[in-house]
Amino acid sequence: MPQIHFLDVTNRDGVQTARTGLSKFGKTMVNFYLGRLGVAQSEIGFPFLFHEVPYVRAQVALAEAGAFGQLRLSGWCRGVAEDVEKALPLGLAHYNLSISTSDYMIANKFRGRLDRDAIVREMTAAVRAARSGGARTVGVNAEDGSRTGDGFLTEFALAAKEAGADRVRYCDTIGGDTPDRIRERFAKLAAATRMPVETHCHNDLGLAVANSVSGALGDLEAGQDAWINTCVNGVGERAGNADLLSTILAFRHGFGLAERGAAIGDPIDLSWARRFALWAGYALGQPLPYNQVGAGRNAFAHESGIHADGALKDHGNYELYDEATLGPFPGDWHARAGRVVLTGEYGGKAGFRHVMDGLGIEPVDEGLAFKLVQLCNAMTGRPLTDDELRLIGAYPRELALLFPGLLD
């Protein structure tokens, strides 16, 4: 049976959003949480950019040390061989290569610099560069795929497949697709190419999750696995991307999906869902809306008489799924009321030991972990959370790669 997999793009599409950003340590924590949640793959960033190099090296080392579980790490590059060649020495095994495909962008973005033939040449050269450099999987992104005609979209995907690509990413770049249309297009493209078509849906019409589910069903109808792009809390350019938790819950609990063969192929552990969502709101400086799916303060709150009466008798009367499956709300050390001793950029060793002992953390290398607490706190500009401190305690040498020269 074809399966559904999640490829989260928080560390690429999410962090490039206007008025939004994460430190390199914050991006590391996204990978940590995705690994705990059981997501298949994280698009960790831009390995051809100079300022991402220490971060990428640290992620590869952390993955090899087991910090992210079975999470696969992938890099995003423009669909040009030069980007790929810059990225390859960093050791990533998975890539997504992106280039615009619509006539609209050919006319109004490339403005005569590239035509359809040149787009295919650039993209296939990039795919071959990745494959010859040892990449295990390569996806190609049809930017503005939702405004690309069926004929050229199929030609583009087949050329990518012949060059060595494993998937084609259909990008609803301006968020104008609708569920019926995207499902039909996915089924048609997946059947014509005999390869998975990956969803990448923006939320300009509030349809990113619905379109992602529908597109995936089109893949399944064609007998292909479905790969769905998500972002934590739905962050992303403009109105955002498909929300990770909402999309997972839709496939787990949406009516009629199981009968259509919508089986999740990733080992999802939703007991980390709330911790991830609340951490992301804190780290991004974007508190969750009360009505945020699953993790919002009101997601399981009842007040009106009829609802309260029914929920008190049996929560299933007014709740689709059990809130306990989403795990506990975090109760971090730094958020304690009253007298509290913290550790951070300007803290000393006494405070560091007090906090780590209080959390039951035994650092692998206490001296290095102490330095990392100071550096990571300086990088984030906010108190470190319990999970952040645990990661520092367990993997100090790998995290030290974030800071060139620290291990010298």
(Q) Side chains of Val80 and Met123, heavy atoms from C-beta outward: is any pair under 4.5 Å? (A) no
Q. Can the ring centroids of Tyr321 and His315 be said to lie less than 6.0 angstrom from one another?
A. no
Q) Would you call the rings of Tyr282 and His334 parallel, tilted or perpendicular, where under 30° means parallel and over 60° means perpendicular? A) parallel
(Q) Would you compute the distance between atom OG of Ser271 and atom CG of Leu326 and round it to the nearest 0.5 angstrom? (A) 9.5 Å
Q) Any side-chain heavy-atom pair from His202 and Asp172 closer than 4.5 angstrom? A) no
Would you list the atom pairs, donor with acceptor, under 3.5 Å between side chains in residues 216-224 and any protein atom, with sequence neighbours excluded?
from   : atom 1 : to     : atom 2 : distance (Å)
Asp219 : OD1    : Val197 : N      : 3.1
Glu221 : OE2    : Arg183 : NE     : 2.7
Glu221 : OE2    : Arg183 : NH2    : 2.3

Q.
Filter on salt bridge (Lys or Arg N to Asp or Glu O under 4.0 Å), then keep only pairs touching residues 256-274, sequence neighbours left out; what's left?
A. Arg274-Glu323
Q: Flag the pair Asn377 / Phe25 as yes when at least one side-chain heavy-atom distance between them is below 4.5 Å, and no otherwise.
A: no
Q. Considering all heavy atoms of both residues, which atom of Pro196 and which atom of Trp227 are nearest to each other, and what is their separation?
A. CB-CD1, 4.1 Å
Q. Are more than 12 heavy atoms from other residues, nucleotides or ligands located less than 6.0 Å from atom NZ of Lys188?
A. no
Q. Would one find more than 12 heavy atoms of other residues, nucleotides or ligands at under 6.0 Å from atom CG of Asn108?
A. yes
Q | Asp8: side-chain hydrogen bond (donor to acceptor under 3.5 Å, both in side chains) partners, not counting sequence neighbours | A | Thr10, Thr230
Q. Considering all heavy atoms of both residues, which atom of Lys313 and which atom of Asp309 are nearest to each other, and what is their separation?
A. NZ-OD2, 2.9 Å
(Q) Determine whether the aromatic ring centres of residues Tyr170 and Phe186 are separated by less than 6.0 angstrom. (A) yes
Q) To the nearest 0.5 Å, what is the distance between CE (Met105) and CZ (Arg147)? A) 5.5 Å
**Q.** Heavy atoms from other residues, nucleotides or ligands near CZ of Phe110 exceed 12 (cutoff 6.0 Å)
**A.** yes
(Q) Could you work out, with salt bridge (Lys or Arg N to Asp or Glu O under 4.0 Å) as the rule, every residue matching Arg194, not counting sequence neighbours? (A) none
Q.
Checking Glu143 against Arg78 for the salt bridge (Lys or Arg N to Asp or Glu O under 4.0 Å) test, could you report, in this order, the C-alpha distance in whole Å, the side-chain angles of both residues, the deciding distance, and whether it holds?
A. CA-CA 10 Å; Glu143 187 187 24; Arg78 295 171 299 178; over 6 Å; no
Q. Which pairs pass salt bridge (Lys or Arg N to Asp or Glu O under 4.0 Å) with one or both residues in residues 365-375, sequence neighbours excluded?
A. Arg353-Glu366
Q.
Looking at Arg116 and Asp103, is any side-chain nitrogen of the basic one under 4.0 Å from a carboxylate oxygen of the acidic one?
A. yes
Q.
I'd like to know if the side chain of Thr101 pairs up with that of Thr148 as donor and acceptor (distance under 3.5 Å, no hydrogens or angles considered).
A. yes
Q: Identify the heavy atoms of Pro179 and Leu207 that sit nearest to each other, and give their distance.
A: CD-CD1, 4.2 Å
Q: Using distance alone, with no hydrogens and no angle criterion, decide if Asn229 and Glu198 have a side-chain donor and acceptor under 3.5 Å apart.
A: yes
Q | Inter-residue atom distance Cys201.SG - Asn241.CG, 0.5 Å rounding | A | 9.0 Å
Q: Before giving the answer on salt bridge (Lys or Arg N to Asp or Glu O under 4.0 Å), spell out for Lys27 and Glu52 the whole-Å C-alpha distance, their side-chain angles and the decisive distance to 0.1 Å.
A: CA-CA 11 Å; Lys27 293 179 69 173; Glu52 292 269 74; 2.9 Å; yes
(Q) Below 30° counts as parallel, above 60° as perpendicular, anything between as tilted: where do the rings of Phe46 and Trp76 land? (A) perpendicular
Q.
Tell me which pairs pass salt bridge (Lys or Arg N to Asp or Glu O under 4.0 Å) where either residue lies in residues 32-45, with sequence neighbours left out.
A. Arg12-Glu43, Glu43-Arg169
Q) Just how far is it from atom OG of Ser42 to atom CG of Leu34, taken to the nearest 0.5 Å? A) 5.0 Å
Q: Classify the angle between the aromatic ring planes of Phe156 and Phe152 as parallel (below 30°), tilted (30 to 60°) or perpendicular (above 60°).
A: tilted
**Q.** Flag if over 12 foreign heavy atoms under 6.0 Å of CG, Leu407
**A.** yes
N/O donor-acceptor pairs under 3.5 Å from side chains in residues 293-304, not counting sequence neighbours:
from   : atom 1 : to     : atom 2 : distance (Å)
Arg297 : NH1    : Tyr290 : OH     : 3.0
His302 : NE2    : Glu319 : OE2    : 2.7

Q: Would you indicate whether Gln70, at its atom CD, is surrounded by more than 12 heavy atoms from other residues, nucleotides or ligands within a distance under 6.0 Å?
A: no
Q) Salt bridge check: are Asp117 and Arg121 linked by an N-O gap of less than 4.0 Å? A) no
Q: Please list, chain by chain and in numerical order, all residues satisfying side-chain hydrogen bond (donor to acceptor under 3.5 Å, both in side chains) with Ser246, sequence neighbours excluded.
A: Asp243
Q) From Leu22 CG over to Met29 CE, what is the distance, rounded to the nearest 0.5 angstrom? A) 11.0 Å
Q | Listed partners of Arg185 passing salt bridge (Lys or Arg N to Asp or Glu O under 4.0 Å), at least two apart | A | Asp150
(Q) Any heavy-atom pair between the side chains of Asn141 and Leu97 that's under 4.5 Å? (A) no
(Q) Just by distance, no angles: are the side chains of Ser74 and Gln41 close enough, under 3.5 Å, to form a donor-acceptor pair? (A) yes
Q) Which residue pairs pass the side chain to side chain donor-acceptor pair (under 3.5 Å) test with at least one member in residues 391-408, sequence neighbours excluded? A) none
Q: For residues Val213 and Phe251, report the shortest heavy-atom separation together with the two atoms involved.
A: CA-CZ, 3.7 Å
Q) In chain order, what residues pass the salt bridge (Lys or Arg N to Asp or Glu O under 4.0 Å) check against Glu82, with sequence neighbours excluded? A) Lys86
**Q.** Smallest separation among heavy atoms of Leu90 and Pro47, with atom names
**A.** CD1-O, 3.4 Å
Q: Look up atom NE2 in His5 and atom CD1 in Ile228, then write down how far apart they are to the nearest 0.5 Å.
A: 10.0 Å
Q. Is a donor on one side and an acceptor on the other found under 3.5 Å between the side chain of Thr380 and the backbone of Arg382?
A. yes
Q: Report yes if the side chains of Gln59 and Phe68 come closer than 4.5 Å at any heavy-atom pair, otherwise no.
A: yes
Q: Could you pull out all residues at least two apart from Arg238 that satisfy salt bridge (Lys or Arg N to Asp or Glu O under 4.0 Å)?
A: Asp204
